[in-house]
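Some notes on the structure that comes next.
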Amino acid sequence: MKITINGGHCPGMEPGAVGASGLQEAVVVQDIMHRVAGYLRTVGYEVLEVQKNELYEITNVSNGFNADLFVSIHCNSAANTAAKGTETYCYSLGGEGAKLAQCIQKQIVNSLGTVDRGIKTAGFYVLKYTDCPAVLVETAFISNPDDEQLLADAGKRDEFARAIARGITDSLQ
Ligand SMILES: [Zn+2]
């Protein structure tokens, strides 16, 4: 089983969303990506970690790796700082991508206690141009003070990572 884990955006080049404290999405999700990859390798999966500024490079590398599953990790952001919680995107409902999204969403909400915003569909580039079931996880809102505190805490980032890894293994049962 080969799994691509993609941290969104690119530290030092494109920070992604930035919280009120200066916390950068690209840095947060890089840490979560490393942790998820570690847990998946521990249980015997072959993992590609990829974080690049250009979206086509991400999908090309993942497709070249022949990934069986693709998971992109992001932090959400909204102009309304009250918006908070977790949501997970897939390209379409009813297939393996939706199953993977549901499993990851459930694990994160149950273990972190974040607001459950559900699974959603979107035509995001990395969902559309990957050759395997693919999801994009919006872990929490970096623009919300409560969620930002979670994302700033290494212990909580580890819980996000464990939850994502469990969601992946759940979807393969
Ligand atoms: Zn993002």
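One-based numbering, in listed order, for ligands and for the atoms of each.
Checking Gln105 against Asp116 by side-chain atom types alone, a donor-acceptor pair falls below 3.5 Å. No side-chain N or O of Glu25 forms a donor-acceptor pair with one of Ser77 less than 3.5 Å apart.
Residue-level check: among N/O/S atoms of Glu25, OE2 sits closest to the Zn ion (ligand 1). Among heteroatoms of the N, O or S kind in His74, ND1 lies nearest the Zn ion (ligand 1).
Not one N, O or S atom of Cys75 sits under 2.8 Å from the Zn ion (ligand 1).
With salt bridges taken as basic N to acidic carboxylate O contacts below 4.0 Å, none links Glu159 and Arg35. Look at Arg162 and Asp158 and you find a salt bridge, because one of the NZ, NE, NH1 or NH2 atoms lies within 4.0 Å of a carboxylate O, short of that distance.
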